[in-house]
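Below is one structure; the comments refer to it alone.
For ligands, and for the atoms within them, numbers begin at 1 and follow the listed sequence. Along the sequence shown, residues carry numbers from 1.
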Amino acid sequence: MTTLSPEILTQLEGQGIELPSWAFGNSGTRFRVFATPGTPRDPFEKIADAAQVNRYTALAPSVALHIPWDKVDDYATLRRHAEDLGVELGTVNSNTFQDEDYKFGALTHHDERIRRKAIDHHLECIDIMDATGSRDLKIWLAEGSNYPGQNDMRGRQDRLQDSLQQIYARLGEEQRLVLEYKFFEPAFYHTDVPDWGTSYAQVASLGDKAMVCLDTGHHAPGTNIEFIVMQLLRLGKLGSFDFNSRFYADDDLIVGSADPFQLFRILTEVVRGGGLNNPDVAFMLDQCHNIEDKIPGQIRSVLNVQEMTARALLVDRDALTAAQTANDVLGANAVLMDAFYTDVRPALAEWRESRDLPADPMAAYAASGYQQTIADDRVGGTQAGWGA
Ligand code: PSV
Ligand code: MN
């Protein structure tokens with residue numbers, strides 16, 4: 001069995017992956033959203049479910065909120081509820097993609113009333129962050145156009161910068177703004193923040209508290225995402241990851257499921273660039289579970305990230321540098337592949353047991369009866385869903 005050195009275990013012990021509250025609600029496609037027995041009816045129940053993931057893995061110490069989906073009357077009570085369950089409230093995600101007013105844009109809109117409304121929504125999100133103790137405000141914009149000529153792309157970029165400046169000015173000393181990019185959808189001709197370069201250009205002129213968020217599902221097929229990871233780390237601007245995986249578009253599937261090798265390559269650059277256990281770089285999931293049970297889906301996801309992190313930490317850096325320096329093309333590649341093909345699961349299971357965690361978190365959760373309990377208890381009310 002492969003053993004993991006004390007140095008590697010120390011690194012793994014520091015790993016925390018934030019869970020999205022919306023992963024516990026129902027989700028689906030434009031064709032059908034399937035309901036699941038036991039689905040949370042409010043943010044309190046979502047956090048209770050998220051705490052289960054942390055309970056069996058010790059890998060998920062915080063939960064991201066989406067506003068207005070997770071609006072509550074009293075955020076101090078929500079915060080206490082989370083803390084009582086052993087987790088924290090994390091990143092606050094704004095939402096300017098479900099209001100009629102934002103049909104043609106929000107932070108980029110030429111109508112000053114609508115742009116003001118969108119800016120104010122972000123200021124409200126920061127008020128919520130003050131109450132929840134959250135550090136990061138994550139902004140993803142559904143803005144763009146469908147047809148050439150439809151919009152003045154330059155004017156929108158200028159208004160975006162002005163809007164972001166106003167939001168940035170309201171951030172507290174310890175708070176940050178992270179700007180997420182996506183190359184398409186819901187707009188198809190142009191997106192106002194389509195790529196890491198645009199996000200970088202926008203946040204770089206704001207200041208040190210503004211960073212880029214890299215969602216692994218938001219790139220064209222074939223994009224070398226690990227190159228972007230390397231570059232943003234090099235520039236000191238990689239603020240967070242939204243992890244998920246994709247076969248076709250923004251599939252939001254379980255991280256590491258479509259292309260485990262890609263996740264390995266990304267984490268290898270994270271390790272190489274000093275992004276692991278670096279407080280500047282937040283690891284988060286941004287996923288939905290359309291057909292599988294949600295809590296096990298999230299447990300599987302954080303375990304996938306942990307397993308690939310362990311493999312990335314196994315890369316023999318000295319051997320790699322030696323092979324690279326000697327222009328040993330295949331030798332260098334072999335060093336990487338050796339780490340990738342190493343099965344770290346038995347060693348991780350053993351290590352988990354040594355920390356009073358279940359060797360197999362998936363099995364332990366299944367045996368706990370929690371799924372049946374929530375299915376029995378959560379009767380009535382309206383099940384939460386992506387978009388509600
Ligand atoms: C957009 O596709 C996105 O990745 C953003 O992070 C949103 O806030 C999230 O998905 C909602 O599911
Ligand atoms: Mn995302």
Check [X] and report its N/O/S atom nearest to the Mn ion (ligand 2), by atom name.
| X | answer |
| --- | --- |
| E180 | OE2 |
| D286 | OD2 |
| D242 | OD2 |
| D215 | OD2 |

* **Validation row: F241, L285 side chains within 4.5 angstrom (heavy atoms)** =>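 The answer is no; the side chains never approach within 4.5 Å.
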
* Sorted by chain and number, the residues that approach ligand 1 to under 4.0 Å with a heavy atom ->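 Heavy-atom contacts below 4.0 Å: W22, H66, K138, W140, E180, K182, D215, H218, D242, D250, D286, W386.
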
* Check for a donor-acceptor pair, side chain of S245 on one end and backbone N or O of I254 on the other, with a separation under 3.5 Å. => yes

* To do: Look at the side chain of H122 and the backbone N and O of I167, then say whether any donor-acceptor pair between them is shorter than 3.5 Å.
  => no

* **Those residues that, when tested against E269, pass salt bridge (Lys or Arg N to Asp or Glu O under 4.0 Å) (two or more places apart)** => none

* Is R246 positioned over the aromatic face of Y248, cation under 6.0 angstrom from the ring centre and no more than 45 degrees off axis? ->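 Verdict for Y248: no cation-pi partner in R246.
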
* Will you find, in the side chains of D252 and Q287, an N or O donor that is under 3.5 Å from an N or O acceptor? ->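 Distance-only check fails for D252 and Q287.
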
* Please step through salt bridge (charged side-chain N to carboxylate O under 4.0 Å, His left out) for the pair D242 and K138, ending with a clear verdict. => CA-CA 10 Å; D242 269 7; K138 176 143 72 68; 2.9 Å; yes

* Check each of D250, D215, D286 against K182 using the salt bridge (Lys or Arg N to Asp or Glu O under 4.0 Å) test, and report the only one that passes. => D250

